[in-house]
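Take a look at the structure below.
The figures here come from the full heavy-atom set of this structure, side chains too, leaving out hydrogens, waters and symmetry mates.
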Amino acid sequence: MKRALVVAVAFMMVAGSASAFAPFGHHTIAALADKYLTDKAKSEVHTILGSDMVKHSNWLNSLRKKEGMEHTKDWHFFVLDANGKSTTTNENDGVVQLEKAIEVLRNRANHSEESVAVALKTVIHLVGDIHCLSHIHIEGVEATKDFEFKNWNEGEGKESKIWNSRWYNVWERTYINRYTFFTPQYYANDIDIHARDKRAEYEKGTPRFWAENSGEDVVRALQYFNTGEPVPTNVIQRHEFNHTKCMAKASYRLAALLNDIFK
């Protein structure tokens, strides 16, 4: 049975936190993207959602927990072929659902208000997911399934600790622990300071290009994380810039996409 985006309409007001690249990751991406929306795009977003993007940026994580909507968990993942290309037409793939949602927004006059709201929230969420390395699966590369690795941290005079981590878990935990008064807006501003000079470059491309671009980042990162041995914390910390880059790409691309749709 075909799984269309419109089946989510009945659950469009679902909100809340969940695991994965959220809530902090999605909230931060939405907060930074909102900063670069045109006045017209921002007005359209507020009209459709009844608020800014941050409030609704994590909704797709909650949707998959609802009875009858379990299949939407697959929408969070983006499968690339063995050559790192996004060629899938699978209805359950994230890039296909993202393209479908974009099409609804571009032709919103032909759709109900509920369908348009669902499409917008789906776009906001999946543009975030497509830039999270844990959401990119490359055929034939087993390590890309959830991008889980062991983190090794030598304690100060204590026993060393080893635990399983995923790409997004490390950075959200690190950043939040670093700043006592953490907010998504604060995190967004920090990312923008470090990446805004690359904004014009990052904004380019289509969802399929973005998935392939993230795939390239995955391959590079696996040179350090796909060893089968615990990765020392000091090695992991060297890659914080790469995570910041992924977050910046997601934010700037989301803003550019919505500005184009609502121009």
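Cluster annotation: Leu120 is connected to Leu37 through the hydrophobic network of ILVMFWY side chains, with a link wherever side-chain heavy atoms come within less than 4.5 Å. Val123 and Phe262 fall within the same hydrophobic cluster, where Ile, Leu, Val, Met, Phe, Trp and Tyr residues are linked whenever their side-chain heavy atoms come under 4.5 Å apart, directly or through other members. By the rule that hydrophobic residues join a cluster once side-chain heavy atoms approach within less than 4.5 Å of another member, Ile102 and Leu258 end up as members of one cluster. Ile138 and Ile130 fall within the same hydrophobic cluster, defined by Ile, Leu, Val, Met, Phe, Trp and Tyr side-chain heavy atoms under 4.5 Å apart, directly or through other members. The same ILVMFWY cluster, assembled from side-chain heavy atoms under 4.5 Å apart, contains both Val96 and Trp75.
Using a 4.5 Å heavy-atom cutoff, the side chains of Ile136 and Asp217 are not in contact. Under the 4.5 Å side-chain criterion, counting only non-hydrogen atoms from C-beta, Asp93 is not in contact with Asp74. Contact of the Thr206 side chain with the Glu99 side chain is not registered, since no non-hydrogen atoms from C-beta on lie closer than 4.5 Å. Between Leu49 and Ile124 there is a side-chain heavy-atom pair separated by less than 4.5 Å. The shortest side-chain heavy-atom distance between Leu254 and Leu32 does not fall under the 4.5 Å cut-off. Put simply, the side chain of Lys150 does not reach to within 4.5 Å of the side chain of Val231, judged on heavy atoms. In this structure, Phe78 and Trp210 have side chains that are not in contact, with every pair of non-hydrogen atoms separated by 4.5 Å or more.
His76 and Asp129 form a side-chain donor-acceptor contact under 3.5 Å, judged by distance and modelled atom types alone. His131 and Asn213 are not linked by any side-chain donor-acceptor pair at a separation below 3.5 angstrom, with hydrogens and angles left out of the test.
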Please output the side-chain donor-acceptor pairs of residues 82-90 that fall under 3.5 Å, not counting sequence neighbours, one pair per line with the distance.
residue, atom, partner, partner atom, Å
Ser86, OG, Arg208, NH1, 3.3
Thr88, OG1, Asn90, N, 3.0
Asn90, OD1, Asn92, N, 2.8

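We find the CE-OH distance between Met247 and Tyr168 to be 13.5 Å, quoted to the nearest 0.5 Å. To the nearest 0.5 angstrom, Lys35 atom NZ is 4.5 Å from Arg196 atom CZ. To the nearest 0.5 Å, atom CG of residue Leu98 and atom NE2 of residue His125 are 11.0 Å apart. Taking OG1 of Thr38 as the start and CG of Asn259 as the end, the distance is 4.0 Å to the nearest 0.5 Å. Ile191 contributes atom CD1, which lies 6.5 Å from atom NE2 of His243 (distance to the nearest 0.5 angstrom). Rounding to the nearest 0.5 Å gives a distance of 9.0 Å between CZ of Phe241 and NE2 of His194.
Taking a 6.0 Å sphere around CG of Asn234, one finds it holds more than 12 heavy atoms contributed by other residues, nucleotides or ligands. By the neighbour-count criterion of 12 heavy atoms within 6.0 Å, atom NZ of Lys73 is sparsely surrounded, having that number or fewer from other residues, nucleotides or ligands.
For the pair Lys249 and Tyr202, the distance from NZ or CZ to the six-membered ring centre is under 6.0 Å and the angle to the ring normal is within 45 degrees.
Annotation for Gly94 and Leu126: closest pair O-CD1, 3.7 Å, computed over non-hydrogen atoms. For Leu133 against Cys246, the heavy-atom pair with the smallest separation is CD2-SG, 4.0 Å. Shown here for Ala117 and Ile48, the closest heavy-atom pair between the two residues is CA-CG2, 3.6 Å. Summarising the geometry of Val116 relative to His111, their closest heavy-atom pair is CG2-CB, 4.0 Å, with the distance given to 0.1 Å. Contact record, Ala255 with Ala33: CB-O, 3.5 Å, taken as the closest heavy-atom pair. Annotation for Ala31 and Ala188: closest pair CB-CB, 4.1 Å, computed over non-hydrogen atoms.
Note: Tyr252 and Tyr36 have perpendicular aromatic rings, judged against thresholds of 30 and 60 degrees for the angle between ring planes. Between His239 and Trp167, the ring planes lie perpendicular to each other; the angle is over 60°, past the 30° to 60° tilted range.
Salt bridge annotation for Asp260-Arg106: present, with a cationic side-chain nitrogen under 4.0 angstrom from a carboxylate oxygen.
Residue Phe24 is tested with Tyr186, Tyr187, Phe182, Trp171 for a ring-ring contact (aromatic ring centres under 6.0 Å, His included); the sole match is Phe182.
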Next item on the list: Go through the steps to decide whether Asn61 and His26 satisfy the test side-chain contact (heavy atoms from CB on, under 4.5 Å), and finish with yes or no.
Entry: CA-CA 10 Å; Asn61 278 331; His26 283 295; 4.0 Å; yes

Next item on the list: Evaluate the side-chain contact (heavy atoms from CB on, under 4.5 Å) criterion for residues Val45 and Asp34: first the C-alpha distance (whole Å), next the side-chain angles of each, then the deciding distance (0.1 Å), finally the verdict.
Entry: CA-CA 10 Å; Val45 167; Asp34 185 75; 5.8 Å; no

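A donor-acceptor pair under 3.5 Å is absent between the side-chain atoms of Ser43 and the main chain of Lys40, judged by distance alone.
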